[in-house]
Amino acid sequence: MGTAGTSTDETVGERRQLINVAYRLLGSLTEAEDAVQEAYARWYALPRGRRDEIVSPGAWLTTVTGRVCLDVLGSARARRERYVGAWLPDPLPDHAERGHGPGTDPADQMVLDESVSMAFLVVLESMTPAERVAFVLHDVFRYPFAEIAGILGRTPAACKQLAASARRRVRAAPAPETAAAVRADVVRQVKEAWEAKDIAALVDLLDPAAVMTADGGGNAGAAPRPIEGGARIAQYMAAVAGKTPGLELLERSVNGAPGLVARRSGAVLTVAAFEVAEGRVTRIWAVRNPDKLRPWIG
């Protein structure tokens with residue numbers, strides 16, 4: 001590699017991109033931040049002369065971050081088997097709804113687009129670690145397979161096959177409603193019916209085959225298994241509202257799509273993301289683990 005003469009500001013400027021890559025690879029803000037911090041720690045551990053030889057610090061940091069994420073993904077399955085209840089990706093708030101400008105919090109660094117929708121992240125969870133890395137880096141961030149090969153320790157052709165396999169998983173997943181206005185309207189109606197504890201109205205808004213998955217992580221009460229069927233979900237939602245006096249529901253952007261935030265006495269209890277198809281809710285992902293709700297505080 002040729003001499004680059006890299007400045008500190010130049011490498012620090014890569015942090016936003018790295019956080020975005022790592023979150024999509026891991027689905028966890030905390031783990032994404034840790035992976036990026038580890039990449040920077042390895043960068044600054046290099047002798048100054050070695051750093052000066054690296055032509056593209058961003059590419060170097062991306063490669064290291066990708067390898068760290070690959071290691072984390074390899075151990076994540078075992079850790080999530082020990083997780084209490086269902087595991088869901090960390091929900092992301094919209095920047096404008098946080099009440100402060102961009103800062104050092106990883107949530108402030110996130111670009112919200114379709115690649116961070118809850119539905120998309122859940123599909124990513126079904127992939128092998130190598131598939132996920134190849135697909136996210138190539139299809140989402142447009143990295144060439146030659147660079148991805150260096151992260152995965154495989155040939156570019158093998159990485160291309162991994163991405164193709166991952167792509168088939170994405171295509172096999174149900175396509176969500178694309179019109180944001182339709183989704184927002186349906187979520188608004190769900191909010192109103194939930195507040196009124198109107199089971200009949202909720203049943204009308206939920207697909208008969210709808211599924212609700214809740215993530216409490218053992219730190220908050222949540223259904224231990226997914227609730228299947230619109231009627232059962234409607235009854236569950238009405239029961240929750242009845243047992244939680246003073247519950248306040250707010251329409252908020254969750255991972256860039258219309259969602260709901262449930263609060264009581266100003267404290268965020270639940271962040272819910274929705275998948276809508278043909279004007280009805282087909283999936284609800286309700287995150288209640290307080291460890292995953294920190295970006296929603298304040």
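Hydrogens, waters and symmetry mates play no part in the numbers below; they use all other heavy atoms, side chains included.
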Colleague: Look at the side chain of R154 and the backbone N and O of A130, then say whether any donor-acceptor pair between them is shorter than 3.5 Å.
Modeller: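 Judged by distance alone, no pair lies under 3.5 Å.
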Colleague: Kindly determine whether V261 and L249 satisfy side-chain contact (heavy atoms from CB on, under 4.5 Å), including the steps that lead there.
Modeller: CA-CA 6 Å; V261 172; L249 298 176; over 6 Å; no
Colleague: Fit a plane to each ring of F141 and Y143, take the angle between them on a 0 to 90° scale, and name the class: parallel (under 30°), tilted (30 to 60°) or perpendicular (over 60°).
Modeller: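 Answer is tilted, since the angle falls between 30° and 60°.
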Colleague: Could you tell me if the side chain of R132 sits less than 4.5 Å from the side chain of E125, heavy atoms only?
Modeller: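 Yes - at least one pair of side-chain heavy atoms lies under 4.5 Å apart.
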Colleague: Could you pull out the closest heavy-atom pair between A39 and T65, with the gap in Å?
Modeller: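 Taking every non-hydrogen atom into account, CB-OG1, 3.2 Å.
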Colleague: Around K160, counting heavy atoms of other residues, nucleotides and ligands shown, do more than 12 lie under 6.0 Å from its NZ?
Modeller: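 No, NZ of K160 has 12 or fewer neighbouring heavy atoms, counting only those of other groups under 6.0 Å.
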Colleague: Using every non-hydrogen atom in the two residues, find where P93 and P295 come nearest and quote the distance to one decimal.
Modeller: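 Smallest heavy-atom distance, with atoms named: CG-O, 3.8 Å.
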Colleague: Are any side-chain N or O atoms of W296 and backbone N or O atoms of P91, one a donor and one an acceptor, separated by less than 3.5 Å?
Modeller: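 Yes, because the side chain of W296 sits within donor-acceptor range (under 3.5 Å) of the backbone of P91.
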Colleague: Is there a side-chain contact between L269 and T244 in this structure, where contact means two heavy atoms from C-beta onward sitting under 4.5 Å apart?
Modeller: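 They are in contact (side-chain heavy atoms under 4.5 Å apart), so the answer is yes.
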Colleague: Counting N and O atoms only, with roles assigned by atom type, does the side chain of S165 sit under 3.5 Å from a partner on the main chain of L162, one being a donor and the other an acceptor?
Modeller: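 Pair absent, no side-chain N/O of S165 close to backbone of L162.
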Colleague: Is there a side-chain contact between L46 and W60 (heavy atoms, below 4.5 Å)?
Modeller: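 Yes, close enough: below the 4.5 Å cut-off.
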Colleague: Can you check side chain to side chain donor-acceptor pair (under 3.5 Å) on R16 and N20, steps first, answer last?
Modeller: CA-CA 6 Å; R16 180 185 178 90; N20 275 273; over 6 Å; no
Colleague: May I ask you to decide if W43's main-chain N or O and R50's side chain share a donor-acceptor pair within less than 3.5 Å?
Modeller: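 Pair absent, no side-chain N/O of R50 close to backbone of W43.
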Colleague: Could you check whether any side-chain N or O of W194 sits under 3.5 Å from a backbone N or O of M237, counting only pairs where one atom can act as donor and the other as acceptor?
Modeller: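 Yes, the answer is positive, given that a donor and an acceptor are paired below the 3.5 Å cut-off.
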Colleague: In this structure, are over 12 heavy atoms from other groups packed under 6.0 Å from R167 atom CZ?
Modeller: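 Above 12, so yes.
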Colleague: Got a second to check how far K191's NZ is from E251's CD, nearest 0.5 Å?
Modeller: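 Rounded to the nearest 0.5 Å, the NZ-CD separation comes to 5.5 Å.
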Colleague: Set out, in order, the CA-CA distance, both residues' side-chain angles and the distance that settles side-chain contact (heavy atoms from CB on, under 4.5 Å) for R42 and Q37, then state yes or no.
Modeller: CA-CA 9 Å; R42 295 184 189 184; Q37 290 292 87; over 6 Å; no
Colleague: Under a 4.5 Å cut-off applied to non-hydrogen side-chain atoms, are N255 and L112 in contact?
Modeller: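 No, side chains not in contact.
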Colleague: Would you call P106 and Y23 a side-chain contact if the rule is heavy atoms closer than 4.5 Å?
Modeller: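 Not in contact.
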Colleague: Just so I know, are the side chains of E33 and R15 near enough to count as touching, which here means a heavy-atom distance under 4.5 Å?
Modeller: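 They are in contact (side-chain heavy atoms under 4.5 Å apart), so the answer is yes.
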Colleague: What is the distance from atom CG of L121 to atom CG of D90, rounded to the nearest 0.5 Å?
Modeller: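 Answer for the CG-CG pair, L121 versus D90, is 9.5 Å.
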Colleague: Minimum heavy-atom separation for L205 to V190, with atom names?
Modeller: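 In terms of heavy atoms, the two residues are closest at CD1-N, 3.6 Å.
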Colleague: Do V203 and V211 share a hydrophobic cluster, counting only Ile, Leu, Val, Met, Phe, Trp and Tyr and linking them when any side-chain heavy atoms are less than 4.5 Å apart?
Modeller: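 Result: no, two separate clusters.
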Colleague: Could you label the plane-to-plane angle of the F120 and F135 rings as parallel, tilted or perpendicular, counting under 30° as parallel and over 60° as perpendicular?
Modeller: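 Plane angle between 30° and 60°, so tilted.
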Colleague: Please name the pair of heavy atoms, one in V187 and one in P258, separated by the smallest distance, quoted to 0.1 Å.
Modeller: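 Closest pair (atom of V187, atom of P258, distance): CG2-O, 3.8 Å.
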Colleague: Side chains of L70 and L152: closer than 4.5 Å at any heavy-atom pair?
Modeller: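 Heavy-atom side-chain distance check passes, below 4.5 Å.
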Colleague: Are D94 and V254 close enough that some pair of their side-chain heavy atoms sits under 4.5 Å apart?
Modeller: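 Result no, sub-4.5 Å side-chain heavy-atom pair not found.
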